Amino acid sequence: MVAKRIIPCLDVRNGRVVKGVKFENIQDMADPVVLARYYNESGADELVFYDITASVEGRALFTDILRAVASEIFIPLTVGGGISSLDDFDRVLKCGADKVSVNSGAIKDPSLISAAAKRYGDQCVVLSMDVKRVGGSFRVFAKGGREDTGIDAIEWARRGEERGAGEIVLNSIDTDGVRGGFDMEMLRAIGEVVTIPIVASGGAGKMEDFLELFKYDRIDAGLAAGIFHTKQVNIRELKEYLAVNGVNVRL
Amino acid sequence: MIAIIDYGVGNLFSLSSSLKFLGLDCLVTSKKEEIEASEKIILPGVGAFGDAMAKLKETGLVETIREQAGLKPLLGICLGMQLLFEKSYEYGEHEGLRLIEGVIASLAADINPDLKVPHMGWNRLYVLRDDPIFRYFKSGEWVYYVHSYYAKNCEESTLALSEYDAPVTGLVRSGLTYGAQFHPEKSGEAGLKLLRGFAEL
């Protein structure tokens, strides 16, 4: 059977991997190529690259880095950040991406999901959602978590699947960088309404958090950044721990 | 030199990178002469069977591939592997290259409906019959799949398979023609070992 996946996420800005807390206080962490190599060797199942560069020059730098990583890391690569057209899909796929993650671009124009799924196949289109509690409900935020779209997260996930997204990444803004565990309440709320694979993100602080996460069988993958970058959690050790506790992982 | 056939289907970046990483000479090409001059051929592909076969016909390479397949090792990957079979039932019925006996059928129709399709992610590949391509590969290593259709009625050519409720044909061989349903170029170390095994055939 298909293994549960552990995915480190590299947020790249101006050619460097950075990390924030609750999407703020962005700090410099590492060289993306060096870090990607480290993850490849430590048994990561996939890599996610987010381009959080604002400028056009930054974007060109990002594709150079993406190409450098893709030419020596032979596991699936998902790329996101500023994807708002089929041309953007084309640009990153040509640099070695296997899947492309859409977020704000899909909120602005939901037909991007269906158009991309039709051209590149469902498996290529990842809907990434930044979710935060507002009042009593889960709301989708745009622009790197800065803007409340007013869209209900459960509804948005369902629509994303209908339009052909092949996978969904659920980022909890409430738990991002807090390291107190994944947002199980939010994950369950959305897990019940979609059938496509779910990648959980935001809040992992220790190995036990991943075990807790995979107890909910609708989750296919756990994504984290800070705890992996700082080597607080080693991916191979994490997977060995999960395997001992009955989770099917690739070792 | 390994010729990677470019017929406008899919992403060839990872495949050529992984061969280069292994120190192997390769050339992405759609030229008949270059394919004929190569020592080995890789036929990649992603997307739908019908479209891919139509594009392959447009390049005028169908006869070249069929001819060359009898002379040198050829490896079809993912959809490229499916094209090697007699026919596919993906969105209708389409004829393939007919280099390997068997058909391409819907995976969803043959497995527990609770399981997700596409069959996407890492799965173990179990070797049924030893072959030189497994020179560096151990049975049970993990490979990366992304597909919704799969090869069946091909017991004679199946070298290795994975389990996804039903047995999923993973690696096939008929004569010098090989096919991998998974993506060796995305399967980490295990995938590189299979590519090395192929390159050394």
Side-chain angles (χ1 to χ4, degrees), chain A residues 1-7 37 39-47 63 66-78 89-90 92-100 117-126 161 166-167 194-199 217-218 220-221 239 248-251, chain B residues 9-22 45-48 51-52 78-79 90 108 111-125 140-149 162-166 168 182-196:
Chain A
M1 294 308 285
V2 174
K4 300 290 184 187
R5 289 169 280 156
I6 300 296
I7 308 174
R37 239 181 247 145
Y39 286 133
N40 187 51
E41 283 156 17
S42 57
D45 295 307
E46 202 166 310
L47 283 180
T63 39
L66 176 59
R67 212 178 277 120
V69 166
S71 55
E72 51 179 309
I73 305 300
F74 305 110
I75 56 177
L77 276 182
T78 300
F89 267 76
D90 212 53
V92 296
L93 287 171
K94 283 198 174 122
C95 296
D98 300 290
K99 307 188 226 180
V100 181
K118 188 158 180 281
R119 182 176 299 181
Y120 302 106
D122 290 8
Q123 83 290 334
C124 186
V125 185
V126 180
E161 175 167 31
E167 186 166 82
V194 295
T195 62
I196 50 178
I198 297 174
V199 179
D217 64 359
R218 291 282 304 108
D220 297 84
K239 290 170 83 174
N248 181 33
V249 288
R250 175 182 75 112
L251 278 171
Chain B
V9 173
N11 192 343
L12 310 178
F13 184 96
S14 301
L15 187 56
S16 48
S17 305
S18 46
L19 296 177
K20 283 177 199 149
F21 185 80
L22 291 169
V46 293
D51 294 347
C78 197
L79 181 61
E90 183 178 9
I111 61 171
N112 180 335
D114 292 339
L115 282 171
K116 292 171 186 177
V117 172
H119 168 224
M120 180 165 82
W122 294 91
N123 207 335
R124 287 180 188 271
L125 182 70
E141 288 193 75
W142 297 83
V143 294
Y144 188 79
Y145 285 93
V146 184
H147 65 119
S148 302
Y149 284 75
S162 295
E163 286 292 335
Y164 194 60
D165 196 36
V168 174
F182 53 89
H183 287 272
E185 77 282 15
K186 283 288 156 191
S187 298
E189 277 294 308
L192 293 175
K193 288 192 265 183
L194 286 167
L195 288 174
R196 186 184 291 277

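Each chain gets a letter, A, B and so on, in the order its sequence line appears, and its residues count up from 1. Quick caveat: nothing in here was measured; it's all calculated off a predicted structure.
Ranked by heavy-atom pairs shorter than 4.5 Å toward chain B, the options A:A3, A:P76, A:P197, A:A97 are led by A:P76. Contacts with chain B were tallied for A:C124, A:G166, A:G96; A:G96 has the most, counting heavy-atom pairs under 4.5 Å.
For A:D122, no part lies under 4.5 angstrom from a heavy atom of chain B. For a residue to count as touching a neighbouring chain, one of its non-hydrogen atoms must lie under 4.5 Å from one of that chain's; by this rule A:K4 does not touch chain B. Contacts of A:A221 with chain B are absent, with no heavy-atom separation under 4.5 Å from either backbone or side chain. Looking at B:S162, there are no atoms closer than 4.5 Å to chain A (heavy atoms on both sides), in backbone or side chain. Interface residue A:R67: backbone and side-chain heavy atoms are both found under 4.5 Å from chain B. Looking at A:K99, only its side chain comes within 4.5 Å of chain B, counting heavy atoms on both sides. Heavy atoms of A:N40 lying under 4.5 Å from chain B are absent altogether. For chain A, the nearby part of B:H119 is the side chain; its heavy atoms alone come within less than 4.5 Å. The part of B:Y144 that comes within reach of chain A is its side chain, from C-beta onward, which places non-hydrogen atoms under 4.5 angstrom from that chain. Heavy atoms of A:C95 lying under 4.5 Å from chain B belong exclusively to its backbone.
Side-chain contact check for B:S17 versus A:F74: some heavy-atom pair is nearer than 4.5 Å.
Although no hydrogens or angles enter the test, the distance criterion places a donor-acceptor pair under 3.5 Å between the side chain of B:K186 and the main chain of A:I75.
Residue A:M1 comes nearest to B:D165 through the heavy atom pair SD-N, 3.8 Å, listed as atom of the first residue, atom of the second, then distance. Scanning both residues, A:A70 and B:F13, for their nearest heavy atoms gives CB-CE2, 3.5 Å.
A cation-pi arrangement is present between A:R250 and B:W122 under the rule of less than 6.0 angstrom and at most 45 degrees off the ring axis.
Residues meeting the side-chain contact (heavy atoms from CB on, under 4.5 Å) test with B:D51, sequence neighbours left out: B:A48.
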Original post:
Between B:F21 and A:E72, does a side-chain contact (heavy atoms from CB on, under 4.5 Å) hold up when you go through it step by step?
Top reply: CA-CA 7 Å; B:F21 185 80; A:E72 51 179 309; 4.1 Å; yes
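Separating the CD atom in B:E185 from the CG atom in A:D98 is a distance of 8.0 Å, to the nearest 0.5 Å.
Checking each of A:V2, A:T195, A:D220 against B:K116 for a side chain to side chain contact (heavy atoms under 4.5 Å, CB included) leaves exactly one that passes, namely A:D220.
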